[in-house]
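Here's the structure, in structure tokens; my notes come after.
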Amino acid sequence: MRLSQAFQPTLKEVPAEAQIASHRLMLRAGLVRQSSSGIYTWLPAGLRVLRNIATIVRQEQDKIGGQEILMPTVQSAELWRRSGRYDAYGPEMLRIKDRQDRELLYGPTNEEMVTDLFGGTVKSYRELPKMLYHIQWKFRDEIRPRFGVMRGREFYMKDGYSFDLSYDEAVSSYYRIMLSYLKIFRRLGVQAVPMAADTGPIGGELSHEFLVLAPTGESEVFYDAGWDEIDWDNIGLDPQEEEDFQKLREIVKTTYSATDEKHDLSAWESVPEDRRRGGRGIEVGHIFYFGTKYTESMGVEVSGADGAPLHPHMGSYGIGVSRLVGAIIEASHDEAGIIWPEEVAPYRAALLNLRPGDELCDQLCETIYSRDPEGLLYDDRSDRAGVKFNDADLMGHPWQIIVGPRGAKAGMVELKHRASGERSELPLEEALAKLGLG
RNA sequence: CGGGCAGUAGCGCAGUCUGGUAGCGCAUCAGUCUGGGGGACUGGGGGUCGUGGGUUCGAAUCCCGCCUGCCCGACCA
């Protein structure tokens with residue numbers, strides 16, 4: 001993309017309403033614009049990030065047998081009356097009426113809908129287990145939206161639902177998904193620790209939330225250093241291997257972690273003092289096992305091996321995709337701007353032409369740009385160098401390819417790594433090879 | 001929902017107390033110079049002062065209602 005033509009309005013000054021770093025940076029870098037309280041428009045670069053996160057989530061869910069569907073945002077009140085949650089959910093649910101005066105709602109979650117879908121389709125134990133998920137906009141009429149997309153009212157969420165025949169199988173699904181989640185967060189470049197959690201309005205008995213460690217997080221967290229030390233690359237935890245996620249189950253059982261609400265002082269005391277870690281965290285995921293709560297209340301049964309009907313055991317699993325955009329920035333930024341992890345960055349690199357109009361610079365830049373017009377953001381604006389440096393740092397591309405008249409004569413370009421700040425001057429082809437554009 | 005604050009140009013703000021020509025910086029447009037960390041100069045454009053009512057000769061300014069947004073608290077992906 002050529003920046004001169006891009007719809008990416010960067011701001012030098014900070015909009016007054018933004019109080020925390022991620023919100024300020026998202027507005028300043030031109031990722032989102034607020035539409036009304038807790039509701040945002042995603043601009044091209046922000047949308048790219050959102051999609052990149054969704055892609056990673058999708059890939060990892062598919063790996064463990066998840067099947068993607070897409071359920072609607074608007075649901076009928078009737079469906080929620082069947083589970084009893086229409087009255088139980090409270091004012092957080094946005095209730096709507098259509099022209100026939102039928103009661104509808106903007107979905108805050110989809111347990112009812114997916115249970116109904118499943119029940120109408122699956123009739124035999126032979127078809128289980130099943131794991132369905134979708135990535136869809138949700139609306140919860142939050143008491144107090146704040147912190148930009150971190151607590152919006154409208155938000156983009158991956159919610160997945162597992163159906164198993166027995167308690168044991170359902171718990172296996174639960175830990176398989178927990179492991180998959182840890183891999184997802186790792187790929188997203190953030191450290192997330194699972195912590196025992198309340199089940200809330202979803203109901204059920206087994207629940208963990210995932211907290212991304214970031215100094216500006218909303219919850220205080222306490223955990224055993226063991227969570228920092230797991231070597232995810234080499235531990236061989238494969239969500240597809242029964243043995244492996246049972247290993248994870250063991251880790252969860254023996255490695256303390258809790259948010260302030262669930263903090264257990266006596267358990268904490270048993271963690272050696274030099275192993276205790278604390279900090280703040282942002283909740284980016286939440287998983288639940290709730291057994292037959294919905295299959296029973298909504299009358300969903302399948303025939304078992306012996307021909308007798310049985311209620312499948314369910315779990316539901318959420319990842320706040322839009323919230324993650326904010327959470328990643330909270331965990332990864334500096335004074336100058338965002339520092340995107342490689343896999344989520346809107347562009348792999350910014351290409352800075354420090355002297356547009358200079359024949360050599362233009363030529364060199366066009367050569368580079370033609371290698372990957374989709375993945376490069378070419379700053380071809382006629383602004384001064386300082387503006388480009390600052391905007392590139394602000395937008396946080398992992399790499400900056402800097403082309404100026406000094407080096408251009410010698411066929412050299414400068415490569416700057418945003419995260420480390422390291423710069424190196426390299427011959428053109430060598431630089432491109434380093435970025436995989438050779 | 002309780003408590004606090006704010007709405008004036010695209011953004012950041014002053015002006016409101018003490019009523020009398022709507023301002024500043026940045027951005028933007030035209031031009032000249034400049035050219036490796038938000039440059040300089042010249043000239044220009046852009047406003048229902050959130051909104052409805054009231055007081056007044058006269059309201060951004062005083063009074064009342066409403067709307068919207070932000071912050072603190074309880075809740076959540």
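Note on naming: letters A, B, ... go to the chains in the order of the sequence lines (proteins, then strands), and numbering restarts at 1 for each one.
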Work out how far the [atom1] atom of [N] is from that of [M], and round it to whole angstrom.
{"N": "rG19(B)", "M": "rA60(B)", "atom1": "P", "value": "14 Å"}
{"N": "rG36(B)", "M": "rC26(B)", "atom1": "C1'", "value": "23 Å"}
{"N": "rA14(B)", "M": "rG50(B)", "atom1": "P", "value": "14 Å"}

If we ignore hydrogens and angles and just use 3.5 Å, is the side chain of [X] paired with the main-chain N or O of [Y] as donor and acceptor?
{"X": "R348(A)", "Y": "H397(A)", "answer": "no"}
{"X": "S83(A)", "Y": "S297(A)", "answer": "no"}
{"X": "R153(A)", "Y": "D141(A)", "answer": "no"}

Whole angstrom value for the distance that separates P of rG38(B) from CZ of R28(A): 14 Å
Whole angstrom is fine here: how far is it from CG in D260(A) over to P in rC76(B)? 12 Å
What is the per-nucleotide protein-contact pattern of nucleotides 3-12 of chain B, from the 5' end, where B denotes a base atom under 4.0 Å from a protein heavy atom, S denotes such proximity for sugar-phosphate atoms only, and - denotes neither? --------BS
Could you run down the sub-3.5 Å N/O contacts of the protein with nucleotides 40-45 of chain B?
none

Between Y175(A) and K247(A), do the side chains contain an N or O donor and an N or O acceptor separated by less than 3.5 Å?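 No.
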What's D391(A) touching, base or sugar-phosphate or nothing? Going by heavy atoms closer than 4.0 Å. base
Heavy atoms only, 4.0 Å cut-off, all strands: where does G404(A) land among base, sugar-phosphate and nothing?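 Result for G404(A) = base.
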So H313(A) and Y289(A), would you call those rings parallel, tilted or perpendicular, with 30° and 60° as cut-offs?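 It falls in the parallel class, under 30°.
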Pairs flagged by side chain to side chain donor-acceptor pair (under 3.5 Å) wherever residues 427-438 of chain A is involved - sequence neighbours left out: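 Non-adjacent pairs meeting side chain to side chain donor-acceptor pair (under 3.5 Å): R371(A)-E429(A).
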Are OP1 or OP2 of rC71(B) and a side-chain N or O of R144(A) less than 4.0 angstrom apart? yes
Looking at Q34(A), I'd like to know whether one of its side-chain N or O atoms comes within less than 4.0 Å of OP1 or OP2 on rC70(B).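 Answer yes for this pair, as a side-chain N or O of Q34(A) is under 4.0 Å from OP1 or OP2.
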Table of protein N/O atoms under 3.5 Å from nucleotides 27-35 of chain B N/O atoms:
from    : atom 1 : to      : atom 2 : distance (Å)
rU34(B) : O2     : R384(A) : NH1    : 2.5
rG35(B) : O2'    : R355(A) : NE     : 2.6
rG35(B) : O2'    : R355(A) : NH2    : 2.5
rG35(B) : N2     : S382(A) : O      : 3.2

For RNA chain B, determine which residues of residues 360-369 of chain A have any heavy atom closer than 4.0 angstrom to one of its atoms, and list them numerically. none
Distance-only donor-acceptor hits, side chain of residues 349-358 of chain A, under 3.5 Å, sequence neighbours excluded:
from    : atom 1 : to      : atom 2 : distance (Å)
N353(A) : OD1    : R355(A) : N      : 3.1
N353(A) : ND2    : D362(A) : OD1    : 2.9
N353(A) : ND2    : Y378(A) : OH     : 3.1
D358(A) : OD1    : L360(A) : N      : 3.1
D358(A) : OD1    : C361(A) : N      : 3.0

Residue closer to the 5' end of RNA chain B, S219(A) versus H23(A) (nearest nucleotide):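 Result: H23(A).
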